[in-house]
Amino acid sequence: MSRSDTGLRVRAAVLGEYAQPMTVMDLQPAHRDEHTAIVEVLMAGLCHTDVSLAQGRIRRRVPLVLGHELVGRRIDAPGAEGSASGRVVVTPYPPGHLVARRAPRSGRASDIQVLPTLATAAGDPVHAFAQVGAFADHIVIDERRLVPIDDDVPDQVAAMIGCAATTGVNAVYDTAAVPAGATVVVLGLGGVGTVVLMACCARGARVVGVDPSAAKRDLACSLGAVAAFHPDHAELADALDECLGAPIDYVFEVVGTPRTQQQAVDLTRPGGCAVLVGSPPEDATVTFNASSLVGNERVIRGHANLGQDPASAVQRVADLYRAGMLPLDRIPFTIVGLAGINDAVAALDDGALVKVLVRP
Ligand SMILES: [Zn+2]
């Protein structure tokens with residue numbers, strides 16, 4: 001560690017108990033090693049996984065600083081990552097994340113136990129979600145997760161690359177490998193769902209979106225969707241087939257509820273693929289008609305962004321954005337400070353907002 005972070009105080013929104021408001025407090029770095037970097041947070045994205053954690057639908061150890069996607073600037077070794085502006089984004093997983101694929105069968109691949117990187121002034125440990133903890137003015141992070149980002153990618157776009165954008169793009173380009181001309185339905189048009197829709201359009205697929213929000217459906221159509229429907233639309237499956245002109249090759253589920261996951265499987269054509277991207281509650285169980293699954297040779301894929309080299313995934317998103325094929329700057333966003341996070345969590349959960357960005 002260099003002198004510059006000696007005595008650093010990290011002002012962060014801390015989740016002390018599930019389903020209770022986060023509290024803004026001062027913390028200090030802890031448990032550094034030779035790879036530890038200190039990054040000033042310029043802007044962070046609020047993702048549905050953060051919302052699920054805040055409300056206890058997904059659980060990790062508390063106290064916990066949420067937030068796992070951001071754009072920032074390294075302060076302990078300025079310019080170490082090499083971009084002109086010194087701005088960096090953080091990759092979705094730490095180095096060696098593929099090792100987690102050997103996690104116990106009953107666990108999740110993302111369960112990597114690490115020492116807490118933060119502590120209270122009294123020295124009590126505070127965890128950082130995904131070893132990031134972006135809802136703070138600074139993060140304590142493994143430097144191998146930092147990727148330089150050029151100045152032509154604005155903060156509000158860079159802030160969502162680490163999770164929302166790479167999750168959506170990797171699901172389409174790698175997990176499903178959607179080909180040109182494919183027919184696609186996207187269930188859920190929040191931040192990740194909208195990126196999935198953009199990425200499908202970039203691949204030359206015919207896409208229809210489904211979401212209760214009229215504003216999100218309008219956005220989907222303006223981004224290239226053939227049409228967009230309310231989930232309660234009468235005879236939805238027939239309407240989707242008709243609108244796409246063919247049965248549905250791929251259904252991306254980006255809501256994270258058993259009901260929509262089941263719907264994704266049911267909507268897929270024989271031989272088609274349902275890609276489950278939304279984060280479901282940890283105790284959720286889905287049922288589907290076994291005979292229909294087997295007899296129709298349907299495929300169900302889970303997607304948690306584990307499969308790609310994280311730095312390459314970030315670079316691909318930046319390249320697609322620059323090429324105009326992934327217009328992330330058209331995703332409407334609301335900016336809040338650390339003190340506004342609790343209200344933002346509630347609004348995102350209600351579906352009232354597409355994307356929330358936190359400027360600490
Ligand atoms: Zn996320």
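Residue numbers run from 1 in the order of the sequence given.
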query: Under a 4.0 Å N-O cut-off, is there an ion pair linking R259 with E253?
result: no

query: Side-chain contact, heavy-atom cut-off 4.5 Å: V277 with T175?
result: no

- prompt: Hey, any chance V147 and L42 share a hydrophobic cluster, counting ILVMFWY side chains that come within less than 4.5 Å of each other, even indirectly?
  reply: yes

- prompt: Between the main-chain N or O of V286 and the side-chain N or O of Q262, is there a donor-acceptor pair closer than 3.5 Å?
  reply: no

- prompt: Is D76 paired with R32 through a side-chain N to carboxylate O contact shorter than 4.0 Å?
  reply: no

message: With heavy-atom distances below 4.5 Å as the criterion, would you say the side chains of H138 and I75 are in contact?
response: yes

- prompt: Quick one: does E282's side chain have a donor or acceptor within less than 3.5 Å of a partner on R59's backbone?
  reply: yes

message: Which residues end up grouped with V255 if you chain together Ile, Leu, Val, Met, Phe, Trp and Tyr wherever their side-chain heavy atoms are less than 4.5 Å apart?
response: none

- request: Could you tell me whether E242 atom CD has more than 12 heavy atoms of other residues or ligands within 6.0 Å of it?
  value: no

field: Side chain to side chain, H68 and C47, heavy atoms closer than 4.5 Å
entry: yes

query: Could you state the interatomic distance from CZ (R145) to NE2 (H35), rounded to the nearest 0.5 Å?
result: 13.5 Å

message: Counting only heavy atoms not in R269 (residues, nucleotides, ligands), do more than 12 fall under 6.0 Å from its CZ?
response: yes

task: Measure the spacing between CD of Q20 and CG of N342 and express it to the nearest 0.5 Å.
output: 10.0 Å

- prompt: Would you call V195 and L328 a side-chain contact if the rule is heavy atoms closer than 4.5 Å?
  reply: yes

task: If you link ILVMFWY side chains whenever their heavy atoms are less than 4.5 Å apart, which other residues fall into the same cluster as I300? By chain and number, please.
output: V265, L276, F288, L293

- line: So side chain to side chain donor-acceptor pair (under 3.5 Å) across residues 191-218, not counting sequence neighbours, yields none

- prompt: Please walk me through it: do V90 and L146 pass side chain to side chain contact (heavy atoms under 4.5 Å, CB included)?
  reply: CA-CA 5 Å; V90 171; L146 303 180; 3.9 Å; yes

query: Same hydrophobic cluster for V24 and Y18, using side-chain heavy-atom links shorter than 4.5 Å among ILVMFWY?
result: yes

field: Those residues that, when tested against E69, pass salt bridge (charged side-chain N to carboxylate O under 4.0 Å, His left out) (two or more places apart)
entry: K355

query: Shared ILVMFWY cluster between L219 and M325, side chains joined below 4.5 angstrom?
result: yes

- request: Provide the closest heavy-atom pair for I139 versus G133 in the form atom of the first, atom of the second, distance.
  value: CG2-O, 3.3 Å

- prompt: Which one of D150, D155, D152 satisfies the salt bridge (Lys or Arg N to Asp or Glu O under 4.0 Å) criterion with R87?
  reply: D155

query: Yes or no on side chain to side chain contact (heavy atoms under 4.5 Å, CB included) for M198 and L320, after CA distance, side-chain angles and deciding distance?
result: CA-CA 10 Å; M198 286 179 187; L320 286 169; over 6 Å; no

- line: Residue pairs passing the ring pair (Phe, Tyr, Trp, His ring centres under 6.0 Å) test with at least one member in residues 197-230, sequence neighbours excluded, are F229-H233

query: Which heavy atom in L27 sits nearest to a heavy atom in A12, and how many Å separate them?
result: CD1-CB, 3.9 Å

- line: Between Y250 and A182, the two heavy atoms sitting closest are CE1-CB, 3.9 Å

message: Just verifying a value: how many Å separate T167 OG1 and M160 CE, rounded to the nearest 0.5 Å?
response: 12.5 Å

task: Mind checking the NE2-CG spacing from H48 to L348? Nearest 0.5 Å is all I need.
output: 4.0 Å

Backbone N/O of R74 and side chain of E40: donor-acceptor pair under 3.5 Å: no

- request: Treat each ILVMFWY residue as a node, draw an edge where side-chain heavy atoms are under 4.5 Å apart, and state whether L187 and V275 are in one component.
  value: no

field: T268 versus A274, closest heavy-atom pair with distance
entry: OG1-CB, 3.8 Å

task: Test V126 against every option in V10, L118, V62 by the side-chain contact (heavy atoms from CB on, under 4.5 Å) rule and name the one that passes.
output: L118

query: Can you tell if the side chain of V51 reaches within under 4.5 Å of the side chain of R57, non-hydrogen atoms only?
result: yes

field: Pair R298-S292, side-chain hydrogen bond (donor to acceptor under 3.5 Å, both in side chains): steps then yes or no
entry: CA-CA 8 Å; R298 290 190 172 104; S292 170; 2.6 Å; yes

query: Are side-chain heavy atoms of T166 and N305 found at a separation under 4.5 Å?
result: yes

statement: Those residues at least two apart in sequence (or on a different chain) that pass salt bridge (charged side-chain N to carboxylate O under 4.0 Å, His left out) with D26 are R11

task: Look up atom CG in L46 and atom SG in C163, then write down how far apart they are to the nearest 0.5 Å.
output: 11.0 Å

query: Is there a donor-acceptor contact under 3.5 Å from the side chain of R359 to the main chain of M43?
result: no

message: Keeping T91 on the side-chain end and A311 on the backbone end, is there a donor-acceptor pair under 3.5 Å?
response: no

task: For D241 and D238, indicate whether the former's side chain and the latter's backbone hold a donor-acceptor pair under 3.5 Å.
output: no

message: Using modelled atom types and a 3.5 Å cut-off, is there a donor and acceptor pairing between side-chain atoms of T183 and backbone atoms of D249?
response: yes

query: Can R322 and D319 be counted as an ion pair, charged N to O under 4.0 angstrom?
result: yes

message: I'd like to check V153 versus V71 (side-chain heavy atoms, cut-off strictly below 4.5 Å). Are they in contact?
response: no

query: Is there a side-chain hydrogen bond (donor to acceptor under 3.5 Å, both in side chains) between S222 and R330 once you walk through the steps?
result: CA-CA 10 Å; S222 77; R330 292 190 53 199; 2.9 Å; yes

task: Identify the residue among D33, V132, V140 that makes a side-chain contact (heavy atoms from CB on, under 4.5 Å) with T117.
output: V140

query: So, does T120 use its side chain to make a donor-acceptor pair with the main chain of D124 at under 3.5 Å?
result: yes

query: In this structure, which one of V184, L189, V208, V185 forms a side-chain contact (heavy atoms from CB on, under 4.5 Å) with L197?
result: L189

task: Report yes or no: do V354 and L326 belong to one cluster of Ile/Leu/Val/Met/Phe/Trp/Tyr joined by side chain heavy-atom distances under 4.5 Å?
output: yes

message: I need the minimum non-hydrogen distance between A158 and V89, along with the two atoms involved.
response: O-CG1, 3.5 Å

- request: Go through I58 and F129 one step at a time and tell me if the side chain to side chain contact (heavy atoms under 4.5 Å, CB included) criterion holds.
  value: CA-CA 11 Å; I58 301 173; F129 176 56; over 6 Å; no

Distance in Å, T287 OG1 paired with Q261 CD, rounded so as to fall on 0.5 Å steps: 11.0 Å

- request: Check P63 against V14 and note the closest heavy-atom contact, atom names and distance.
  value: CB-CG1, 3.8 Å

message: So R301 and F252, do their side chains get closer than 4.5 Å, heavy atoms only?
response: no

